[in-house]
Amino acid sequence: LKPAVMTENIRINNPNVKYTDTHIEAQYCYHTSAVRRDGDTLTVTPSVSELEFRTERRVPRLGVMLVGWGGNNGTTVTAAVLANRLGLTWRTKTGEQKANYYGSLFQSSTVCLGPGPDGKEVNIPFRDLLPMVHPNDIVFDGWDISSMDLGSAMERAEVLDWSLQEKLRPHMSCLRPRASIYIPEFIAANQAGRADNILKGTMAEQVEQIRADIQDFRHSSGVEKVIVLWTANTERFCDLTAGVNDTAKNLLAAIQSGGEVSPSTLFAVASILEGCAYINGSPQNTFVPGAIELAVERNVFIAGDDFKSGQTKIKSVLVDFLISAGIKPTSIVSYNHLGNNDGMNLSAPQQFRSKEISKSNVVDDMVNSNPILYRKGEKPDHCVVIKYVPYVGDSKRAMDEYTSEIMMGGTNTIAMHNTCEDSLLASPIILDLVLLTELCQRVCVRPQGSETFQSFHSVLAILSFMCKAPLIPPGAPLVNAYFRQRACIENIMRACLGLPPQNHMHLEHKLQRGFLPRHDNRIYDNVATKMVLSTGYHASQQNGVCAHVVKEATIG
Amino acid sequence: MTENIRINNPNVKYTDTHIEAQYCYHTTAVRRDGDTLTVTPSVSELEFRTERHVPRLGVMLVGWGGNNGTTVTAAVLANRLGLTWRTKTGEQKANYYGSLFQSSTVCLGAGPDGKEVNIPFRDLLPMMHPNDIVFDGWDISSMDLGSAMERAEVLDWSLQEKLRPHMSHLRPRASIYIPEFIAANQAGRADNVLKGTMAEQVEQIRADIQDFRHSSGVDKVIVLWTANTERFCDLTAGVNDTAKNLLAAIQSGGEVSPSTLFAVASILEGCAYINGSPQNTFVPGAIELAVERNVFIAGDDFKSGQTKIKSVLVDFLISAGIKPTSIVSYNHLGNNDGMNLSAPQQFRSKEISKSNVVDDMVNSNPILYHNGEKPDHCVVIKYVPYVGDSKRAMDEYTSEIMMGGTNTIAMHNTCEDSLLASPIILDLVLLTELCQRVCVRPQGSETFQSFHSVLAILSFMCKAPLVPPGAPLVNAYFRQRACIENIMRACLGLPPQNHMHLEHKLQRGFLPRHDNRIYDNVATKRVLSNGYHASQQNGVCAHVVKEATIG
């Protein structure tokens, strides 16, 4: 594998932004406001903090180790990266299909940089804002309690088109997961049949083996950096017990003595001790207080929990929309059924509880933000059901009903049926998680007056966008609202380039006369030059199949 | 109106009459040279001046006796009177749910406890309260508003009983009726129509506006069309291409739609005119007239139900890197709007208005869509009398996901047409009124200027936003909302919302101490909780969660 070649094609033309051979250094004004209430009056005090952002330009060779590599997500993300790297195409009944990264924030969505000379907005791939690893260059490795090679595991998953599987099998069959940690009581009993590839020995020995695996992978593959991500079974919640997992010291001692420590926490501890960022893609409480403390002590990034890929992602859009429009959701009911191994594992009550908890808090920040609609402590009814229905396989169904109160006692009812394709939606999110984590490891910030640069907090809250139940530093606000989370990532990446937050104002187009320098001035002083008569001042593009109708009606 | 927000900043001055704010407006210009994009940021210093005195506002509705007209009038009366009424599930209070300004909130910043302080959107700047609006209007049906409210079948019966004495004495003024512009099935309602030449009718509308202004004592009048959807008007050089030609066509009786006649009358009276229906009221001559007279116009077509959600969902999908490939929208409704739209020409106006709503989002993503590529997009509207005002919208969104996969979202939305549109009518007039009190002076300029006559900031409430020439068209819901919020913040000298929470994301805090909401290390070990997760639980699941967390 060749080292990643990354072309940076964005240049910021500003004296506050310096490009050195190794870094992008940007001076940035960060605006905040403090609010004080005195009786009925709110006093808002804006302030500005001057920050220096420094981003390493060199993109390292990245290795990603997946826990649950042989599962549906593990095989699908590995297959997708291989197919994209090889530029594979395959036939389906509707034509030729090309490998792509649809559903990835960084690979397939865009951000607006500003207007070009013609006044039109210039949109670029999100990944091009800053130097980032390209997913094609990721080297995968991982563990699984099932010994099946990845070619067979891909077939077991029943996710990818058969003609694509045929092309991928030679590349996938040689990949074999390393033996994993299996503590039966943490996952459903129905997983026992898969567990033929498990580590033996004491808990401490198993952690040592995981550390040795990470070292082995790092050395044998030649990657410079390893990130570990859990995409294995949902575990039951772990009891939080003083003396066992409340501090880093106690947690390490519990591992030595064989206390109650979940496999996912063991993987997290091994990663942290190896200095590798650890991301939890499942709902369980891997990050017990002792694990978080260990990450903070070692300056290692951790993030989670639970991929936000399907139903919850849309919920964090729709509820934000409704409440931000002044409409009051009063009942949210979500039924799911799925037939993959995740569904089978979740059919056990304890594992379902972990999932239910992860899904339950997703609207809280939006509800709490609107005291007009919700009095203190009031919340909408919120119910989540998940059923295991083998036939539907990986093609997860989500059926949601949102009932909202509208003006004067009226009711708005939205019923939604969403066919989610579990692993095809989760795989691009896995890529986004590791790529953003890797980028964050190359960014540091120096507040004015401080001598030293600091890194992001070990609890990497910027990854909230991809998580159902975001883990955040203590005291930080919890944000689930989709567009706020996305704006957070975009604006922090813009800050690394010294660019101010997106304001969406278009003020230069909204006043009577333009005020930007001439070549930038995209407003006419008066009514438009009388071009060919069109439908008033509306943009003239028409949409898809309706174009002929529109043309007829417009021209008369 | 109590202003309870104070900005503590030397760049913001409160005079007896104005709020004056110095503001740095950031833009970037992008130049492409081969593969390299050069981004040049720049800052424009602007002075925002907002009049603090809120005038007495009168709103004249065209189609006052329709479902929207009666519902919005009834809602304002019920709120002003503080009415409550019984329903089978309990007592209901009058409210303004669904209004951006009255019922949604904006975040001002962090309080001393580190928690975000959210305030009603309306409290950011001095704004009219809807309770203080005086309504008047026109309708081709002479029915009084009490009976028209009953005909609309929108509000609870027990509320109608309480409102009838207040509504019955309100009678719409005679309106302009040109049968060819609306469906033939509206003829039965048209018993309250102006006579005379086109020019005489425009004069009568102007006289009505003057009469309302004087008799009601309001300081300011805004006119809003919430009447029938008209067919599109032919755009003809010499007839409606310039202000002069349009005024001449009115004198000579050319092809001018009733809605354009109302717009012209309003503009000539100096009253802002808002078009809540899809037709092309704003022919080029009407826009030119508004620009010449410095009068605000805005439209088109209330964005209240299906299209509003579409502008959320498609934005979500494309912004997540998912490719919508087919969008199919079926609607049925049984109110008078539905009856009128059952005629082909009126339906076409609606279809056009609904068809462009995803274009800005599609065009913003050249990774998913090659140049000129668009998703299939089909809109059907059927008239089904039984469902009345309770409009149904059934949408199917099919999207391409990774590696040829398909995501299918099917949605059934019961929209309550007039209850969703009424708060939007209020938002439109309140924001228009506010914009009339805001002016901006770019640094180096001697004079303040107002917003452009084409009031694009109202895009948020419109299905097919009218924008000044060359301005980008934005349909994406959250971008539109951010636009309003950030412009109102600018009037207070506050920078745009950045959603970054950087003070919580670094290893050590950097804000001044009383503002410093980050711990230097791991949290104090309080009662063990679910990791670093926020501990609130949600509704009926609370007991389950508690059990699982504590073990």
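Below, each value reflects all heavy atoms present in this structure, side chains not excepted, and no hydrogens, waters or symmetry copies. In the text below, chain A, chain B and the rest are named by the order of the sequence lines, each starting its count at 1.
- Only the side chain of Glu116(B) comes within contact range of chain A, with at least one heavy atom under 4.5 Å from a heavy atom of that chain.
- Atoms CG and CD1, on Leu502(B) and Ile462(A) in that order, are 8.5 Å from each other to the nearest 0.5 Å.
- In terms of heavy atoms, Ile406(A) sits closest to Tyr97(B) at C-CB, 3.6 Å.
- Interface remark: Gln92(B) contributes side-chain atoms only to the contact with chain A (heavy atom separation under 4.5 Å).
- Only the side chain of Tyr477(B) comes within less than 4.5 Å of a heavy atom of chain A; its backbone N, CA, C and O stay farther away.
- Contact of Pro495(B) with chain A is made through the side chain alone, with heavy-atom distances under 4.5 Å.
- Both the backbone and the side chain of Val312(B) come within less than 4.5 Å of a heavy atom of chain A.
- With chain B as partner, the option from Thr45(A), Leu425(A), Ile327(A) having the largest number of non-hydrogen pairs under 4.5 angstrom is Thr45(A).
- Leu42(A) CG to Asn8(B) CG: the interatomic distance, rounded to the nearest 0.5 Å, is 12.5 Å.
- One N or O on the side chain of Thr110(A) and one on the backbone of Ser364(B) form a donor-acceptor pair closer than 3.5 Å.
- Counting all heavy atoms, side chain and backbone alike, Met408(A) lies closest to Ala94(B) at SD-CA, 4.0 Å.
- Met416(A) approaches Leu313(B) most closely through the heavy-atom pair CE-CD1, 4.2 Å.
- Here the closest heavy-atom approach between residue Tyr25(B) and residue Asn503(A) is recorded as CE1-ND2, 3.8 Å.
- In terms of heavy-atom pairs under 4.5 angstrom with chain A, the leader among Ser445(B), Gly98(B), Gly109(B) is Gly98(B).
- A donor-acceptor contact shorter than 3.5 Å is absent between the side chain of Tyr30(A) and the backbone of Met500(B).
- Residues Asn413(B) and Asn412(A) bring a donor and an acceptor atom of their side chains to less than 3.5 Å of each other.
- The closest donor-acceptor contact from the side chain of Gln512(A) to the backbone of His452(B) lies at 3.5 Å or more, if one exists at all.
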Worksheet item: What's the verdict on side chain to side chain contact (heavy atoms under 4.5 Å, CB included) for Arg484(A) and His501(B), showing C-alpha distance, side-chain angles and the deciding distance?
Response: CA-CA 11 Å; Arg484(A) 289 188 72 186; His501(B) 293 305; 3.6 Å; yes

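- A donor-acceptor pair is defined here as one N or O able to donate and one able to accept, closer than 3.5 Å; such a pair exists between the side chain of Gln449(B) and the backbone of Arg513(A).
- Between the side chain of Thr28(B) and the main chain of Leu113(A), a donor-acceptor pair closer than 3.5 Å is present.
- The nearest pair of heavy atoms linking Pro501(A) to Gln497(B) is CB-O, 4.5 Å.
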